[in-house]
Amino acid sequence: MLKRALGSTGIDVSVLGLGTVKIGRNQQVKYPSGFELPDDKAVIELLELAQSLGINFIDTAPAYGSSEQRLGELLPNRHDWVIVTKVGEIFEDGQSRFDFSFDYTVSSVEQSLKKLKRDALDVVLVHSNGNDMDIINNEPVFDALQSLKDKGLIKAYGMSSKTVEGGRWVVENCDVVMATANLDYDDERPVLDLAEKINKGVIIKKGLQSGHADKASGGSGVDASFKHILGLPGVSSMIVGTINQSHLRDNVSVVNKILSPVNPPLSS
Ligand SMILES: NC(=O)c1ccc[n+]([C@@H]2O[C@H](COP(=O)([O-])OP(=O)(O)OC[C@H]3O[C@@H](n4cnc5c(N)ncnc54)[C@H](OP(=O)(O)O)[C@@H]3O)[C@@H](O)[C@H]2O)c1
């Protein structure tokens, strides 16, 4: 699996990353069908398979239920992975709430370090509640992240943003942005264009429309989605969530084929 630079962070990530909502949380999620959380054996097998296929990049968050805890306990060759986690969203008793205060941000990162069994976190993103510019203008969360970076506790930071204005601010002022792009949603393209221009890391989320891109769910197709996203400017990696080994194998195979030198990605 091809690796790309995550902007100017000095971190290289596989073009396909693994999203881990589905190993930790099955309430209040937007997938086409319900599911049971996989048991430990299934999670270990999935992670081993991902690594054997060349994936070195994994996305988690405190808001993904037991995801961070399970990764800390089950991730094979723990130090060979680049892990993205987040701050700001708390999911408890089936409900999300948000806290972007300085103290909460610091304590959330301390908790993530413990759960993930790391001395430092690779990438920490602010988990936006949708009001990107309100968080940016009125909350001290980015000051807290900068102070954690100054102390060496995190290597890079940014935001999983939801607006063009917020995404562009993140590109200009942070290391990494996580943006949405898929066959049905191209609104955040200006964020990608700017990131490419000034060499900032871009991680794409919801590239398969949380599973709704699958033809079986009435969508335009998984292969077409990958082709579209890998043809967009500035993309370092695309995080796809799956707990299905066969989907994981298929996804890696499609991405490798699209990126193969004899078959360059088509821009859509
Ligand atoms: N605000 C945020 O920060 C935010 C929000 C959303 C997501 N994320 C991150 O981005 C990751 C991806 O987002 P997402 O999980 O919402 O959506 P996604 O990656 O677009 O789609 C995941 C869904 O697609 C299905 N899928 C995967 N490969 C498939 C294939 N080959 N054929 C058919 N179905 C397939 C998966 O089901 P199976 O398990 O059956 O394969 C899963 O239900 C998340 O895990 C998370 O890490 C971040």
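Read the numbers this way: they start at 1 and go in the same order the structure lists the ligands and their atoms. For clarity, every value in this text was computed on a predicted model and none was experimentally measured. Along the sequence shown, residues carry numbers from 1.
The contact shell of ligand 1, taken as protein residues with any non-hydrogen atom closer than 4.0 angstrom, comprises Gly19, Thr20, Val21, Lys22, Tyr31, Asp59, Tyr64, Lys86, His127, Ser160, Met178, Lys205, Lys206, Gly207, Leu208, Gln209, Ser210, Gly211, Asp214, Val222, Ile239, Val240, Gly241, Thr242, Ile243, Asn244, His247, Asn251.
Using a 3.5 Å distance cut-off with no hydrogens or angles, the side chains of Asn244 and Thr242 do not pair a donor with an acceptor.
Taking the ring axis of Phe35 as reference, the NZ or CZ atom of Lys22 stays within 45° of it and closer than 6.0 Å to the ring centre.
Looking at Asn56, its side chain never comes within 3.5 Å of a backbone N or O of Val13 through a donor-acceptor pair.
Pairs engaging residues 236-246 under the salt bridge (charged side-chain N to carboxylate O under 4.0 Å, His left out) rule: none recorded [sequence neighbours left out]. A salt bridge (charged side-chain N to carboxylate O under 4.0 Å, His left out) check over residues 148-160, counting only residues at least two apart or in different chains, returns the pairs Asp122-Lys155, Lys149-Asp175.
Hydrophobic side-chain contacts under 4.5 Å tie Ile90 into a cluster, directly or through other members, with Tyr104.
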